[in-house]
Amino acid sequence: MKFFVDTADVAAITELNDLGMVDGVTTNPSLIKKSGRDILEVTREICELVDGPVSAEVIALKSDDMIAEGRKLAEIAENIAVKVPLTWDGLKACKVLSDEGRMVNVTLCFSANQALLAAKAGATFISPFIGRLDDLNIDGMELIADIREIYDNYGFETQILAASIRTANHMSEAAKIGADVATAPPNVIHAMASHVLTDKGLDAFVKDAKDAGIKIV
Ligand code: G3P
């Protein structure tokens, strides 16, 4: 499973990228707002940093305007994936932009039917939002499994990009189901390294090393 980082925080992306943890980046208007940066400027900086796809989201609601914004975003760098919402206009924009050879990430997906339409419209990525479904007591992971089954039934090449990931468990569950990509905030990727037994075991090793006077360098 590829790891995308769901942030526009350049410092956080750099740290994870240096560790080889970053296969791509996803942003959205809320994350751009949080960064306090200009969308074109910060997106360009991220694209220079990361080799993989960098999703940049349109803000228009009508397909023609989305297409114009998508083309402008795609000019930033070759690794831009234009992010469009899963509305009828978004699907139209997806079809036009993907026919032009651009990567398109269709976002705000909450049902298997929506994912089916995005694949038919030529989406490179479909972004089902796990956490926001969980918030409503609907099992977000079930949606990932349903989309996996449907895409595999028909050989759709659209990649399942598990999004709205809130916990480290979401990452391993998405990987077990076979999501192609998971995009997670930096704190979730950090949390994947934590285990209480690792901390406990390390405390004991540190104590024993000290008691025994072990020195290596
Ligand atoms: O990738 C989509 C993501 O940014 C949404 O996450 O936590 O706002 O539902 P969240």
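The first residue in the sequence is number 1, and the count goes up from there. Whatever order the structure lists ligands and atoms in, that order sets their numbers, starting from 1. Small disclaimer: the values here were computed from a predicted structure and weren't measured. Computation of the quantities below employed the complete heavy-atom set of this structure, encompassing side-chain atoms and omitting hydrogens, waters and symmetry-equivalent molecules.
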Over all atoms of both residues, closest heavy-atom pair of A56 and T43 = CB-CG2, 4.0 Å
For ligand 1, what N or O to protein N or O distances fall under 3.5 Å?
{"from": "ligand 1", "atom 1": "1 (O)", "to": "D6", "atom 2": "OD1", "distance (Å)": "3.3"}
{"from": "ligand 1", "atom 1": "1 (O)", "to": "D6", "atom 2": "OD2", "distance (Å)": "3.1"}
{"from": "ligand 1", "atom 1": "4 (O)", "to": "D6", "atom 2": "OD2", "distance (Å)": "2.6"}
{"from": "ligand 1", "atom 1": "4 (O)", "to": "N28", "atom 2": "ND2", "distance (Å)": "3.1"}
{"from": "ligand 1", "atom 1": "7 (O)", "to": "R166", "atom 2": "NE", "distance (Å)": "2.8"}
{"from": "ligand 1", "atom 1": "8 (O)", "to": "R132", "atom 2": "NH2", "distance (Å)": "2.8"}
{"from": "ligand 1", "atom 1": "9 (O)", "to": "R132", "atom 2": "NE", "distance (Å)": "2.6"}
{"from": "ligand 1", "atom 1": "9 (O)", "to": "S164", "atom 2": "OG", "distance (Å)": "2.6"}
{"from": "ligand 1", "atom 1": "9 (O)", "to": "R166", "atom 2": "NH2", "distance (Å)": "3.0"}

Less than 4.5 Å apart, any side-chain heavy atom of [X] and any of [Y]?
X: K62; Y: I67; result: no
X: F156; Y: L116; result: yes
X: R166; Y: R132; result: yes

If you draw a 6.0 Å radius around CG in D51, do more than 12 non-hydrogen atoms from other residues or ligands fall strictly inside?
-> no
For S55, which of N105, T124, T26 qualifies under side-chain hydrogen bond (donor to acceptor under 3.5 Å, both in side chains)?
-> N105
